[in-house]
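In this text, all values refer to a predicted model and were calculated from it rather than measured experimentally.
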Amino acid sequence: MKKSLKIVSSLMIAGVLLTSCKSKMAVDKGSFSKGADVGWLPQMEATGYKFYDADGSQKDCLQLLKDRGINTIRLRVWVNPNDDKASGHCSPEETVVMAVRAQKMGMRIMIDFHYSDSWADPGKQNKPAAWAKHSFPELLTDVYQHTYDVLKLLKKAGVTPEWVQVGNEIPGGMLWPEGSTDNFGQLAQLLNKGYEATKAIDSKIKVIVHLDEGNKSEKFRWFFDKATENKVKYDVIGLSYYPYWLKTDYKSTILDLENNMKDITSRYNKEVMVVEVGGDYTLVENTKEMLEATIKAVKNVPNNKGLGVIYWEPEGEKSWSGYQLNAWLPDGKPSPALDAFK
């Protein structure tokens with residue numbers, strides 16, 4: 001565990017405490033969540049990137065998102081990240097500052113634990129360097145303590161997230177090899193440690209388990225049948241949906257996404273949420289229509305069990321990030337595709 005996590009600068013915490021106490025806007029926790037994952041934002045601002053409204057006036061990126069209907073901010077957390085522009089930052093301390101800033105604007109907060117020092121996704125689930133040589137029992141303690149410590153920092157700063165994601169896109173598990181789905185019993189124990197740490201902070205926080213390719217029912221049935229068998233504790237099933245990476249237009253997969261969400265809410269009696277979505281920034285109208293269709297699909301889940309839709313890094317304009325699925329224009333203005341959230 002990094003020393004700076006346990007002994008965080010009292011000045012920083014005092015600052016965010018004061019700020020959050022001074023101006024905390026009311027957060028509506030009952031409505032449909034329309035979100036943005038903005039982990040790159042502090043780096044973009046630090047490198048001098050400027051954000052503009054449609055009329056050319058310079059504005060805070062979060063305000064631009066809010067003006068387009070965004071009411072939720074998702075923030076990833078890495079254990080001991082480097083300072084690289086694209087694949088670093090997102091430390092616990094930086095996450096606290098961002099969460100306070102978003103909550104001040106009335107945003108709801110989701111925290112996404114990668115349990116890594118950098119990107120974790122279906123192709124890589126690398127242990128943090130500090131945990132690399134730890135035994136499995138030590139890894140269980142690591143997951144619990146890291147989750148608890150980060151959420152405690154947030155709580156001290158006046159932020160209790162509405163959702164916490166335990167792992168990021170984990171169809172093959174996390175903290176490989178010990179937490180691979182080849183060792184599903186061990187993966188279940190790791191996930192449950194994240195769940196228990198979260199609930200120790202606040203029992204009302206909803207814990208999410210997240211897979212990619214939300215249109216693929218067989219993938220979700222396989223994973224969550226195994227999760228049920230191994231007594232994994234969670235509240236919400238999170239899905240990614242990227243037609244671009246599926247190499248198909250959304251029109252050919254959107255019904256599969258909707259049917260999968262309806263199936264898993266019924267089969268596992270859980271709520272569902274599209275926690276990552278994105279479209280090609282050059283295809284503005286297609287991306288807008290895809291977002292509208294995704295929102296509609298989630299709202300079509302019976303009994304209000306479809307909680308929301310979150311765009312992954314909409315502000316990550318291509319010249320800065322190199323990322324094709326952002327939702328920003330080259331002139332620093334939001335893409336009209338984001339109007340789908342209004």
Transitively linked via ILVMFWY side-chain contacts under 4.5 Å: Val275 with Leu211?
no
Any sub-3.5 Å donor-acceptor pair from Thr47's side-chain atoms to Gln43's backbone N or O?
yes
For the NZ atom on Lys124, are there more than 12 heavy atoms of other groups (residues, nucleotides or ligands in this structure) within a distance under 6.0 Å?
yes
Would a 4.5 Å heavy-atom cut-off, applied to side chains only, mark Asn168 and His210 as touching?
yes
Closest heavy-atom pair and its distance - Ala337, Thr287
CB-CG2, 3.9 Å
Looking at Gly316, is its backbone amide N or carbonyl O close enough to the side chain of Ser321 to form a donor-acceptor pair, meaning the two atoms are under 3.5 Å apart?
yes
Pro177 backbone acceptor or donor facing Asn183 side chain under 3.5 Å
yes
CG (Asn304) with more than 12 external heavy atoms under 6.0 Å:
no
Nearest heavy-atom neighbours spanning Cys61 and Trp328:
SG-CH2, 4.2 Å
Side chains of Pro161 and Leu154: does their closest heavy-atom pair fall under 4.5 Å?
yes
Tell me, with the steps shown, if Lys127 and Glu138 meet salt bridge (charged side-chain N to carboxylate O under 4.0 Å, His left out).
CA-CA 12 Å; Lys127 282 179 282 196; Glu138 288 173 320; over 6 Å; no
Identify, with sequence neighbours excluded, every residue that meets salt bridge (charged side-chain N to carboxylate O under 4.0 Å, His left out) alongside Glu276.
Arg74
Can you check whether Gly185's main-chain N or O pairs, donor with acceptor, with Glu229's side chain at less than 3.5 Å?
no
Counting distance only, does the side-chain N/O of Asn192 pair as donor-acceptor with the main-chain N or O of Lys233 below 3.5 Å?
yes
Strictly distance-based, threshold 3.5 Å: is any side-chain N or O of Asn230 a donor or acceptor partner for the main-chain N or O of Val232?
no
May I ask you to decide if Arg221's main-chain N or O and Tyr268's side chain share a donor-acceptor pair within less than 3.5 Å?
yes
Do the non-hydrogen side-chain atoms of Leu246 and Glu213 ever get within less than 4.5 Å of each other?
yes
Stacked cation flag Lys318 on Tyr281, 6.0 angstrom / 45 deg
no
Please confirm whether the backbone N or O of Gly39 pairs with a side-chain atom of Glu313, one donor and one acceptor, at under 3.5 Å?
yes
Under the side-chain contact (heavy atoms from CB on, under 4.5 Å) rule, what do Asn126 and Ser116 come out as? Steps first, then yes or no, please.
CA-CA 6 Å; Asn126 300 321; Ser116 184; 4.2 Å; yes
Just verifying a value: how many Å separate Tyr250 OH and Asn215 CG, rounded to the nearest 0.5 Å?
15.0 Å
With no hydrogens and no angle check, is any side-chain donor or acceptor of Trp78 less than 3.5 Å from a backbone partner on Ser118?
yes
Is the shortest side-chain heavy-atom distance between Trp163 and Ile310 below 4.5 Å?
no
Any side-chain heavy atom of Phe51 within less than 4.5 Å of one from Lys59?
no
Is the count of non-hydrogen atoms from other residues, nucleotides or ligands lying under 6.0 Å from Trp245 atom CH2 greater than 12?
no
Flag side-chain contact, heavy atom, 4.5 Å: Leu338 against Leu64
no
With rounding to the nearest 0.5 angstrom, report the CD to CG distance, Glu315 to Asn326.
8.5 Å
Partner of Leu140 by side chain to side chain contact (heavy atoms under 4.5 Å, CB included), out of Gln145, Gln186, Gln189:
Gln189
Would you check if Glu289 and Lys251 make a side-chain contact, meaning some heavy-atom pair closer than 4.5 Å?
yes
Go through it in stages, so that I can follow the logic: the residues are Leu187 and Met174, the test is side-chain contact (heavy atoms from CB on, under 4.5 Å), and I'd like the CA-CA distance, side-chain angles, deciding distance and then a yes or no.
CA-CA 7 Å; Leu187 172 61; Met174 63 188 197; 3.9 Å; yes
Polar side chain donor-acceptor pair, Ser240 to Glu169, under 3.5 angstrom:
yes
Between Asp280 and Asn286, does a side-chain hydrogen bond (donor to acceptor under 3.5 Å, both in side chains) hold up when you go through it step by step?
CA-CA 8 Å; Asp280 190 329; Asn286 181 267; over 6 Å; no
Membership question, hydrophobic clusters at under 4.5 Å side-chain separation (ILVMFWY): are Met110 and Leu151 in the same one?
no
Roughly how far, to the nearest 0.5 Å, is CG of Leu62 from CG of Leu41?
5.5 Å
Heavy-atom pair of closest approach, residues Thr181 and Pro171
CG2-O, 3.3 Å
Salt bridge (charged side-chain N to carboxylate O under 4.0 Å, His left out), that's the test. Do Lys262 and Glu258 meet it? Break it down for me.
CA-CA 6 Å; Lys262 289 176 176 177; Glu258 181 173 331; 2.9 Å; yes
Within the distance-only criterion (no hydrogens, no angle test), does the side chain of Thr294 pair as donor or acceptor with the backbone N or O of Met290 below 3.5 angstrom?
yes
Indicate if Ile109 and Val77 have the same hydrophobic cluster label, given that clusters are the connected sets of ILVMFWY residues with side-chain heavy-atom separations under 4.5 angstrom.
yes
What I want to check is whether the side chains of Glu94 and Ser91 have a donor and an acceptor closer together than 3.5 Å.
no
So, applying salt bridge (charged side-chain N to carboxylate O under 4.0 Å, His left out) with Glu162, which one of Lys206, Lys204, Arg108 is it?
Arg108
Strictly under 6.0 Å, is that where the ring centroids of Tyr234 and Phe224 end up?
yes
Under a 4.0 Å threshold between the charged nitrogen and the carboxylate oxygen, would Arg76 count as salt-bridged to Asp37?
yes
More than 12 heavy atoms of other groups within 6.0 Å of Lys216 NZ
no
Specify whether Tyr115 and Trp131 have parallel, tilted or perpendicular ring planes, treating 30° as the upper limit for parallel and 60° as the lower limit for perpendicular.
tilted
Please round to the nearest 0.5 Å and tell me the distance separating atom CG of Asn303 and atom OG1 of Thr265.
8.0 Å
Would you indicate whether the side-chain heavy atoms of Tyr241 and Thr253 approach each other to under 4.5 Å?
yes
So how far is it from Phe341 CZ to Asn71 CG, rounded to the nearest 0.5 Å?
9.5 Å
Show your reasoning for whether side-chain contact (heavy atoms from CB on, under 4.5 Å) applies to Ile205 and Lys199.
CA-CA 7 Å; Ile205 300 172; Lys199 298 294 184 174; 5.5 Å; no
Test Trp312 against Tyr323 for side-chain contact (heavy atoms from CB on, under 4.5 Å), laying out the working first.
CA-CA 11 Å; Trp312 195 85; Tyr323 181 57; 3.6 Å; yes
Presence of salt bridge, Asp212 and Lys219, under 4.0 angstrom
yes
So, taking the atom named CD1 in Ile208 and the one named CG in Asp112, what distance separates them when rounded to the nearest 0.5 Å?
8.5 Å
Could you check whether Asp67 and Gln63, counting side-chain N and O atoms only, form a donor-acceptor pair closer than 3.5 Å?
yes
Validation row, ring centre Tyr244 to ring centre Tyr242 under 6.0 Å
no
